[in-house]
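The block underneath contains the structure these notes are about, expressed in structure tokens.
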Number of protein chains: 2
Amino acid sequence: MKSRKRHHHHASRADLPALTDRLRRKSRKITGARQAILEILRRHPHPMSNKEIFAALPKGDCDLATVYRSLHLLENMGMVKRFDLGDGVARFELLGEGDDGHHHHLVCTRCAAVVEIEECFTREFEEQIAARNGFKAITHKLEFFGICPRCQ
Amino acid sequence: MKSRKRHHHHASRADLPALTDRLRRKSRKITGARQAILEILRRHPHPMSNKEIFAALPKGDCDLATVYRSLHLLENMGMVKRFDLGDGVARFELLGEGDDGHHHHLVCTRCAAVVEIEECFTREFEEQIAARNGFKAITHKLEFFGICPRCQ
DNA sequence: AGCCCAATGCAAACCGTTTGCAATGAGCAG
DNA sequence: CTGCTCATTGCAAACGGTTTGCATTGGGCT
Ligand SMILES: [Mn+2]
Ligand SMILES: [Mn+2]
Ligand SMILES: [Zn+2]
Ligand SMILES: [Zn+2]
């Protein structure tokens, strides 16, 4: 259980101009909606759903469909990472540049509180599973669930 | 990476009468639909979606809604375990009696082939994460993804 | 054989997500 | 700065998996 620090929370504190720059460099337009969405993700330390982002948006700043489309764009650009916390809802976290964002969460099954988990099992464990079954390019999704202190 | 054998595939080979007995003992009705669904799950070694079960059903044996309702029932009775293999689709595996069915899968991202994975990281790893954050009753969901030999 | 309520079929509702299309506007050339 | 053009947006409809309301059926009991 090597603890591979990823500093992704530092990275997500990059300021807004730095973020819009990444859009500009890939020649995507810097729209009000995209800036607002990035600003919200920048301020939020845990994965957010489309609806949550939409709700956090300065009222009526854009349509929900635009939130969905923006997050697809940001995901394809590698600027956000998609998580599935067990309910069927996609959630997103901002990524620092060059950060693959691989990490996990501990979710309270009563109140849905989220704790960021940096630890992960060893690479060898994963590689063993890959090798044993002849798979390549192996990755994993891992989330923890339990009852948080406040809900116990 | 202790290999905790679970024998769940042995258990799922329990014959149909043994399975319907579990229904009877909880005084649920033994209907044609339920027998057919159990028979399909019994024969299938990997998680199946509602639609897949429905498709495998002797033609028109029951409604899709009944498949959904049956799997809820079986899940609540602890006779099947629900898995989420990354797409938003619920999949189910038959459980042996007293088996909690905890295990994982390795899924090909090209052809969706599934390999059963019995290995899991150590209990201590999980307990450390629980303790460090004051959580109780901690569990996890873990699935692996990669390219299978045939798809490489 | 008859009763009763669990279980079912059917269709509609649901919820998160995606998409078609016409209107808008960001970035660029002139 | 002005105008052009295509990416982006709003809106509403469609989508796919799942759930649900309601009338009907039928399994397990007496
Ligand atoms: Mn996170
Ligand atoms: Mn399995
Ligand atoms: Zn990991
Ligand atoms: Zn495990």
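Here is how names work: the chains are called A, B, and so on, in the same order as the sequence lines, proteins then strands, and each is numbered from 1.
Looking at B:R24 and B:P17, their side chains never come closer than 4.5 Å, going by heavy atoms from C-beta outward.
Within residues 74-88 of chain A, no residue has any heavy atom under 4.0 Å from DNA chain C. In the region residues 26-40 of chain B, proximity to DNA chain D at under 4.0 angstrom, judged on heavy atoms, holds for B:K29, B:I30. Contacts of residues 52-66 of chain A with DNA chain C (heavy atom under 4.0 Å): A:A65.
Applying the 4.0 Å criterion to OP1 and OP2 of D:dT19, one finds that B:Y68 has every side-chain N and O outside that range.
Every residue two or more places apart in sequence or in another chain that forms a side chain to side chain contact (heavy atoms under 4.5 Å, CB included) with B:R22 is listed here: B:L19, B:R25, B:M79, B:E97. Residues passing the side chain to side chain contact (heavy atoms under 4.5 Å, CB included) test with B:A55, sequence neighbours excluded: none. For B:R91, the side-chain hydrogen bond (donor to acceptor under 3.5 Å, both in side chains) partners are B:E52, B:D87, not counting sequence neighbours. With sequence neighbours excluded, the residues forming a side chain to side chain contact (heavy atoms under 4.5 Å, CB included) with A:E75 are A:H72, A:V80, A:R82, A:F92, listed by chain and number. By the side chain to side chain contact (heavy atoms under 4.5 Å, CB included) test, A:R69 pairs with A:A65, sequence neighbours left out.
Here the closest non-hydrogen pair linking A:F145 and A:T109 is CB-CG2, 3.8 Å. Of all heavy-atom pairs between A:G101 and A:H103, the closest is O-ND1, 2.7 Å.
Between the side chain of B:R69 and the base of D:dG21, at least one donor-acceptor pair of N or O atoms lies under 3.5 Å.
A centroid separation of 6.0 Å or more is found between the aromatic rings of B:F83 and B:H104.
Here D:dG17 presents its P atom at 15 Å from CG of B:L71, a figure rounded to the nearest Å.
Defined by atom type and a distance below 3.5 Å, a donor-acceptor pair is missing between the side-chain atoms of A:H46 and A:E93.
For the atom pair CD1 of A:I40 and CG of A:L57, the computed distance is 4.0 Å after rounding to the nearest 0.5 Å. The distance from the CG atom of B:L71 to the CD1 atom of B:I37 is 5.5 Å, given to the nearest 0.5 Å.
Overall, the helix from C:dA1-D:dT30 to C:dG30-D:dC1 carries an axis bend of 30° between its ends, with five pairs at each end and the value rounded to 10°.
For residues 142-152 of chain A, the side-chain hydrogen bond (donor to acceptor under 3.5 Å, both in side chains) pairs, not counting sequence neighbours, are A:H105-A:E143.
Between B:H102 and B:H140, the ring planes lie perpendicular to each other; the angle is over 60°, past the 30° to 60° tilted range.
Taking the 5' to 3' direction, DNA chain C first and last meets chain B under 4.0 angstrom from a heavy atom at C:dC5 to C:dC10.
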Identify every side-chain donor-acceptor pair in residues 130-139 of chain B under 3.5 Å, counting partners at least two apart or on other chains, and give the distances.
{"unit_1": "B:R132", "atom_1": "NH2", "unit_2": "A:E119", "atom_2": "OE2", "d": "3.4"}
{"unit_1": "B:R132", "atom_1": "NH2", "unit_2": "B:Q128", "atom_2": "OE1", "d": "3.2"}
{"unit_1": "B:N133", "atom_1": "ND2", "unit_2": "B:I129", "atom_2": "O", "d": "2.8"}

